[in-house]
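As structure tokens, the structure follows; a few thoughts come after it.
Counting starts at 1 for both ligands and their atoms, in listed order. By convention here, the first residue in the shown sequence is residue 1.
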Amino acid sequence: MKKNEKKIEEMSMWEDARKMLRKAERDGVETAWDRLAQQTPHCNFGETGICCRICTMGPCRISKKAPLGVCGAGVDVIVARNFGRFLAGGAAGHSDHGRDCIEAFHAVAHGETQDYRIKDEAKMLRIAAELGVDVEGRDLLDVAKDLADEFFEDFGSRRGTIGFIGRVPEKQRENWKNLGIVPRGVDREITEMMHRTHMGCDNDAGNTLLHGLRMCLADGWSGSMIATELSDILFGTPSPRKAQVNLGVLKADQVNILVHGHNPIVSEKILEAVNDPELIDMAKKAGASGINLAGLCCTGNELMMRQGIPMAGNHLMTELAIITGAVELIVVDYQCIMPSLVQVGNCYHTKMVTTADKARFTGADHVRFEMHNGMEQARKVVRMAIERYTMRNQDRVEIPVEPVDIMTGFSNEALLEALGGSLTPLIDAIKAGKVRGAVGIVGCNNPKYKHDYCNVNLARELIKKDILVLVTGCVTTAAGKAGLLVPEAIEQAGPGLKEVCGSLGIPPVLHMGSCVDNARILQLAALLANEIGVSIADLPLAASSPEWYSEKAATIGTYAVASGIYTHLGHPPNITGSSAVTELALGGLDELVGACFVIEPDPFKAADLIDERITMKRRGLGLEE
Ligand code: SF4
Ligand code: MSK
């Protein structure tokens, strides 16, 4: 064993992952776990956030011997600036995804594309009316044009605040106003963070972090929320349906195409193309029995939620999916796509195809998707995959397990329908203590952890305690593989949750979508708070990202906290070099916004901490335990 290398059993809890890690060893393929070993131990300055590279008088590293940077910046300012920029990366990622959805919607409204259309007209009209667009007696596309402009306005700063501010419970809004953190516009807040953290601007750590809250709120309540709402309008609002997860969804005798990234704009077209009879015929002529489409990460979540397309795996499964030797082509848009996929693909016959000019990968083929040519480009990509099938070496194919069944599609609309049209049954169940609270477990994988062990065990522990779990992002696949996303999983839940979910025929862990769809959880929290007449911070809710890695996950955690939701992380961001910043995150924020972060790597201890918080909130509402 090489230095810092873990045993395969310690790398992942899953059989499909372990088998592929063994195959990677045999095939001589390097994975994220190998590279983590090479990078360990990490640089302490970077890990604690005390290295500043913001100007060329530096870089400056803070130590006892040198407590100030060349400009005089101390450790608190340096850590806050670094973290502010980290959060800005996450907010920009989600929100630019939201902007791409507006571009697509705008093109539909103006008749500039035949490849996309408005699928959920009722939802579009409902949201247009909510945002003050005149809908009465008007042509659908005229309403769409105005709604697209309304959404575009959210990215600028020419009006006082973001459009969905009306969804935020009043008490919360007042608090944000008093703190000066009501988000004004997505781009404005991100740009202002970059400005504030330029050398010689915001040199007060607390002030920088307060702006961090405002910027993340702009992501959660605008950029991400717009992405979710428009994806539903364009591709359909999810409703409960069956799907399957793990590497067993790949088919040994078919052309396998994986979609990876985040935005459904590309993947929905690929789905249409794989069902084109002409292309299926072409695949058969190439010797395959058909074309199989499966998802990875959040594009996978988008397709699974709406269309029931199977999910091959989450973040740490992306390299391993290629190592099966059965993947002809992996087509990506953006975010969370390891650059290593090109090299792993080169070890087999797998072609990587990029589609967005803003996310190109050296060594991949680029097929630019634009609004007017989505379908044509999707067909091109599928033809490329079929050509690749003829290069497959069947002797190198190993599909390691059988797929696991799941239930997906729990949008808020679907949840309300399951509840009979109103939140009252859920609120009654919360009051009666049958559902003691709810926790959104969201986010990623990180090779520093045993893959999915914390994601799965936290979910298991919480449902045992009668706490409803909502999952998005890469935790979805983890929960699905663990058998938690089917109605039968109520057997693993506490008696109250078992009774409530059993009577509704739903799982105790509900899949609510992709990373941007955490906005659905925000909206659900707001609906509950408004119905009860309290603020989100008063509710028995929590959020968790046990195995997070990305800037986006930190941004999600921050908007959850700023919205009043106590948020658990398995490990801290790179802020621990400043006790002032760390103390603010882990406690001080509670006094400001009614929630804070808590750090705990052990999922069992984390479940207890979350349980204590939920008990405290229940007591605050005068509810019996
Ligand atoms: Fe050093 Fe200050 Fe420049 Fe940062 S901004 S690199 S602390 S001189
Ligand atoms: S894909 S941000 S690894 S959840 Fe949204 Fe998964 Fe985290 Fe990316």
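- The residue Trp548 has no part lying near ligand 2, judged by heavy-atom distances below 4.0 Å.
- The pair Asp232-Arg306 counts as a salt bridge, with a side-chain nitrogen and a carboxylate oxygen less than 4.0 angstrom apart.
- Heavy atoms of other residues, nucleotides or ligands lying less than 6.0 angstrom from CZ of Arg53 number 12 at most.
- Using a 30° and 60° split on the angle between ring planes, Phe164 and Phe151 fall in the tilted class, from 30° to 60°.
- In summary, the atoms of ligand 2 found under 4.0 Å from a heavy atom of His315, numbered by their order in the structure, are 3 (S).
- Residue-ligand proximity: Gly443 is placed with a non-hydrogen atom under 4.0 Å from ligand 2.
- By the 4.0 Å heavy-atom criterion, Ala553 is excluded from the residues contacting ligand 2.
- Contact between Ala227 and Gly98 at its shortest, heavy atoms only, is CB-CA, 3.7 Å.
- Of all protein N/O/S atoms, those under 2.8 Å from atom 2 (Fe) of ligand 1 are Cys71 SG, and waters are not counted.
- For Lys351 and Asp365, the salt-bridge test passes: some basic side-chain N is under 4.0 Å from an acidic carboxylate O.
- Nearest non-hydrogen protein atom to atom 1 (S) of ligand 2 is His262 NE2, 3.3 Å.
- The only option from Asn455, Asp452, Thr476, Asn301 that meets the side-chain hydrogen bond (donor to acceptor under 3.5 Å, both in side chains) definition with Asn314 turns out to be Asp452.
- Interface of Ser550 with ligand 2, defined as ligand atoms under 4.0 Å from a residue heavy atom, comprises 2 (S).
- In summary, the atoms of ligand 2 found under 4.0 Å from a heavy atom of Cys336, numbered by their order in the structure, are 1 (S), 2 (S), 3 (S), 8 (Fe).
- Checked by atom type, the side-chain pair Ser12/Trp33 shows no donor-acceptor distance below 3.5 Å.
- Below 4.0 Å from some heavy atom of Cys474 lie the following atoms of ligand 2, by number and element: 1 (S), 3 (S), 4 (S), 6 (Fe).
- A donor atom on one side chain and an acceptor atom on the other are not found under 3.5 Å apart for Thr555 and Asp219.
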Criterion side chain to side chain contact (heavy atoms under 4.5 Å, CB included) on Leu293 and Leu303, from CA distance to verdict: CA-CA 10 Å; Leu293 183 69; Leu303 276 191; 4.0 Å; yes
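- Counting heavy atoms under 4.0 Å from ligand 2, residue Cys444 touches it through both backbone and side chain.
- The proximity of Arg81 to ligand 1, defined as any non-hydrogen pair under 4.0 Å, is limited to the side chain.
- For the residue pair Asp333/Thr299, the side-chain donor-acceptor check at 3.5 Å is satisfied.
- If you look at Gln335 next to ligand 2, there are no close heavy atoms at all, none under 4.0 Å.
- With 3.5 Å as the limit, one finds a donor-acceptor pair spanning the side chains of Ser340 and Glu319.
- Listed by number with element, the atoms of ligand 2 under 4.0 angstrom from any heavy atom of Tyr549 are 3 (S).
- The ligand atoms of ligand 2 that sit less than 4.0 angstrom from a heavy atom of Cys515 are 2 (S), 4 (S), 5 (Fe).
- Ligand 2 places these atoms under 4.0 Å from at least one heavy atom of Cys298: 1 (S), 5 (Fe).
- Relative orientation of the His315 and Tyr549 rings is parallel, given thresholds of 30° and 60° on the angle between their planes.
- Side-chain contact, Tyr334 with Asp96: no donor N or O sits under 3.5 Å from an acceptor N or O.
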